[in-house]
Amino acid sequence: MLREARLARWLGGLERMYQWHHWTGMAAYVLLLVHPLALSADAWMESPALAWETLSPLNQNWPVWMGWLSLVLLMVGLAATFERRVPYRTWRALHAGLGLAVLLGLIHLVLLGIDEPVLPILGLAALLLGWRVIRGDLGVGARPYLVKSAVPVADGMVEISLMPLADAVKVTPGQFVLVAFFEGPSFRGCGEFHPFTVTSADVDHLIRLGVKALGDCTRHIQSIEPGVMARVQGAYGAFFANRLATPQLWVAGGIGVTPFLALLRSGPVTQPTTLLYLYRAESDAAFLKELRALAEADPRLDLQAVATGSELPDLNSLLPDAQRLAGYECYLCGPPGMMTGLMRALRSRGIAARHIHFEKLGFR
Ligand SMILES: Cc1cc2nc3c(=O)[nH]c(=O)nc-3n(C[C@H](O)[C@H](O)[C@H](O)COP(=O)(O)OP(=O)(O)OC[C@H]3O[C@@H](n4cnc5c(N)ncnc54)[C@H](O)[C@@H]3O)c2cc1C
């Protein structure tokens with residue numbers, strides 16, 4: 001997961017890279033789990049005692065224990081992938097342990113005297129992990145920006161304008177960037193890269209981001225001030241790529257309104273478009289006034305803004321019926337739970353998966 005914008009574009013987007021990353025990781029993990037069993041099965045031909053000796057971590061030496069340590073790290077890291085209740089930060093630390101596990105596994109082979117083709121693979125793994133840490137996590141090569149303004153737009157949400165200090169990132173409406181905020185006159189950022197959708201990209205290369213307080217870092221960002229340094233990676237995402245000239249249904253859940261806002265700010269819609277904007281309460285509904293003004297000025301845009309309260313909304317009663325949706329392209333963006341419900345409701349109306357496009361607001 002090198003998170004290089006150019007590479008992501010070439011491979012069909014960061015989301016697709018994550019899918020490949022997960023599937024190849026899982027396949028490699030299954031093979032790794034099977035290999036001590038395969039070695040033991042091979043030894044079984046000679047004697048069951050030898051098979052047990054091969055499998056048991058007891059009475060072994062350092063090279064083999066290093067292999068076991070690698071497998072244990074892999075098991076813990078991957079178990080966390082399936083346990084949704086693990087906090088994101090803990091999950092990230094455990095996930096990073098997988099990289100360490102790969103290195104330990106390869107060193108285990110070298111210590112066993114198997115250096116071909118292990119040494120070149122070890123070199124490549126170290127290079128790619130180093131690349132990811134230095135360029136991705138430490139942000140070497142990310143573009144420097146300065147916070148120009150920060151305006152509250154709803155309860156627990158602020159819109160931040162960023163001014164480039166060098167080359168600006170190239171953004172199309174609906175794309176997102178990875179941003180880390182650092183220090184300002186009296187603000188100390190958390191310094192980690194987090195993904196945020198660009199809500200508008202101006203001609204003078206200013207970019208705007210709407211940041212909702214969803215966790216420790218984003219809660220802290222609510223008190224950001226002009227003059228804070230930021231670093232920006234990207235842009236990523238192909239949510240609105242290859243849009244067809246057909247009527248459209250856009251469904252936004254809470255902060256999921258940001259890509260639709262970006263598209264509307266870039267110009268009027270070209271097809272009849274319904275934007276169903278779901279939020280808990282009016283005080284949470286960021287950009288609602290602006291969206292209402294845009295809908296009033298554009299006869300093709302139909303805005304349906306619905307306060308759902310704290311209960312999960314009845315999506316079936318909110319969505320247009322199957323007959324109205326025939327021939328529509330549907331675009332969904334919101335929290336993962338809502339997206340699953342929306343997908344189910346649209347599929348039950350006979351909408352084929354290829355007509356449903358979505359952006360999930362979380363990588364895991
Ligand atoms: C493509 C995309 C676009 C997004 N656009 C916006 C936006 O326009 N406005 C907005 O307010 N939020 C947006 N988010 C969500 C935002 O990134 C998270 O709310 C933020 O990272 C939370 O960080 P935290 O430390 O405050 O909270 P935490 O409690 O650490 O995390 C809360 C949840 O946010 C997600 N998250 C946290 N850190 C990361 C990370 N480094 N990378 C990916 N996901 C992470 C995880 O799903 C996690 O469970 C977007 C997310 C994605 C993936």
Side-chain angles (χ1 to χ4, degrees), residues 1 3 5 8 13-19 21-22 80-81 83-96 132-133 136-139 142 150-162 171-181 189-201 207-224 230-241 252-263 265 277 279 284-287 331-340 357-364:
M1 279 312 308
R3 293 201 321 211
L14 209 56
E15 183 69 24
R16 185 169 292 176
M17 278 174 79
Y18 271 103
Q19 278 167 6
H21 172 75
H22 288 150
T81 302
E83 181 48 75
R84 295 267 142 193
R85 282 168 302 179
V86 175
Y88 189 78
R89 233 164 252 248
T90 316
W91 170 81
R92 266 193 80 142
L94 293 173
H95 205 70
R132 161 64 202 239
V133 170
D137 300 310
L138 300 179
V151 183
V153 284
D155 277 359
M157 183 155 172
V158 65
E159 191 173 39
I160 302 168
S161 296
L162 289 170
V171 193
T172 57
Q175 285 197 301
F176 64 95
V177 286
L178 290 163
V179 184
F181 293 102
C190 40
E192 301 162 0
F193 283 88
H194 286 264
F196 299 108
T197 310
V198 175
T199 51
S200 79
I207 56 172
R208 282 193 271 172
L209 316 168
V211 179
K212 188 166 174 79
L214 288 174
D216 289 347
C217 187
T218 44
R219 214 169 292 129
H220 181 59
I221 291 174
Q222 301 304 308
S223 59
I224 204 163
R231 295 194 82 85
V232 177
Q233 296 169 345
Y236 308 97
F239 186 34
F240 293 127
I255 187 61
V257 76
T258 46
F260 302 113
L261 177 71
L263 202 54
R265 278 178 172 174
Y277 180 16
Y279 45 81
D284 288 328
F287 309 110
Y331 290 83
L332 323 173
C333 186
M338 178 182 283
M339 303 283 276
T340 315
H357 315 266
F358 55 88
E359 180 90 293
K360 280 193 239 152
L361 297 187
F363 298 133
R364 202 156 168 166

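Heavy atoms only: backbone and side chains are in, while hydrogens, waters and symmetry mates are out. Both ligands and their constituent atoms are indexed starting at 1 by order of listing.
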**OP:** List in chain and number order the residues that pass salt bridge (charged side-chain N to carboxylate O under 4.0 Å, His left out) with D216, two or more places apart in sequence or in another chain; answer none if no residue qualifies.
**Re:** R219
Original post:
When you measure from the side chain of Q222 to the backbone N and O of V211, does any donor-acceptor pair fall under 3.5 Å?
Top reply: yes
Original post:
For atom 14 (N) of ligand 1, which candidate among P336, A180, P195, P87 holds the nearest heavy atom?
Top reply: P195
Original post:
What do we get for R89 next to ligand 1 when only non-hydrogen atoms under 4.0 Å count, side chain, backbone, both or neither?
Top reply: side chain
Original post:
Judged by non-hydrogen atoms, does K360 sit under 4.0 Å from ligand 1?
Top reply: yes
Original post:
Side chain, backbone, both or neither: which part of D216 has a heavy atom under 4.0 Å from ligand 1?
Top reply: backbone
Subject >> Heavy-atom gap R92 to ligand 1 smaller than 4.0 Å >> reply: yes
Original post:
Given T197, V158, D137, which one has a non-hydrogen atom that is nearest to atom 6 (C) of ligand 1?
Top reply: T197
Subject >> Polar proximity ligand 1 side, R219 side, N/O cut 3.5 Å exclusive >> reply: no
**OP:** Only counting residues at least two apart or in another chain, list the ones meeting ring-ring contact (aromatic ring centres under 6.0 Å, His included) with F287.
**Re:** none
**OP:** Look at the rings of F240 and Y331 and say which category their plane angle falls in: under 30° parallel, 30 to 60° tilted, over 60° perpendicular.
**Re:** tilted
**OP:** Answer with yes or no whether the side chains of T199 and R208 bring together a donor and an acceptor at under 3.5 Å.
**Re:** no
**OP:** Check whether any N or O atom of G210, backbone or side chain, sits under 3.5 Å from an N or O atom of ligand 1, and answer yes or no.
**Re:** yes
Original post:
With respect to atom 36 (N) of ligand 1, which of F176, F196, Y88 exhibits the smallest heavy-atom separation?
Top reply: Y88
**OP:** Please indicate whether any nitrogen or oxygen in V211 is less than 3.5 Å from any nitrogen or oxygen in ligand 1.
**Re:** no
**OP:** Could you tell me which atoms of ligand 1, counted from 1 in the order shown, lie closer than 4.0 angstrom to a heavy atom of K212?
**Re:** 10 (C), 11 (O)
Original post:
Quick check: does L214 get an N/O under 3.5 Å from an N/O on ligand 1?
Top reply: no
Subject >> E192 N/O to ligand 1 N/O under 3.5 Å >> reply: no
Original post:
Any ion pair linking E192 and R89 (charged N to carboxylate O, less than 4.0 Å)?
Top reply: yes
Original post:
Do any nitrogen or oxygen atoms of I255 lie less than 3.5 angstrom from nitrogen or oxygen atoms of ligand 1?
Top reply: no
**OP:** Measure the shortest side-chain to side-chain distance between D137 and R92 over non-hydrogen atoms and say whether it is less than 4.5 angstrom.
**Re:** yes
**OP:** Check each atom of ligand 1 against the heavy atoms of T258 and keep those under 4.0 Å away; list them by number with element.
**Re:** 8 (O)
Subject >> Pick from A213, C190, G215: the one approaching atom 24 (P) of ligand 1 most closely through a non-hydrogen atom >> reply: G215
**OP:** On the 0 to 90° scale, with breaks at 30° and 60°, tag the Y88-W91 ring pair as parallel, tilted or perpendicular.
**Re:** tilted
**OP:** Kindly say whether G237 contributes a backbone atom to a donor-acceptor pair with the side chain of Q175 at under 3.5 angstrom?
**Re:** yes
Original post:
Got F196 and T218 here, is their nearest side-chain heavy-atom distance under 4.5 Å?
Top reply: yes
Subject >> Proximity of F193 to ligand 1 by residue part, where a heavy atom lies under 4.0 Å >> reply: backbone
Original post:
Would you call the rings of H21 and Y18 parallel, tilted or perpendicular if under 30° counts as parallel and over 60° as perpendicular?
Top reply: perpendicular
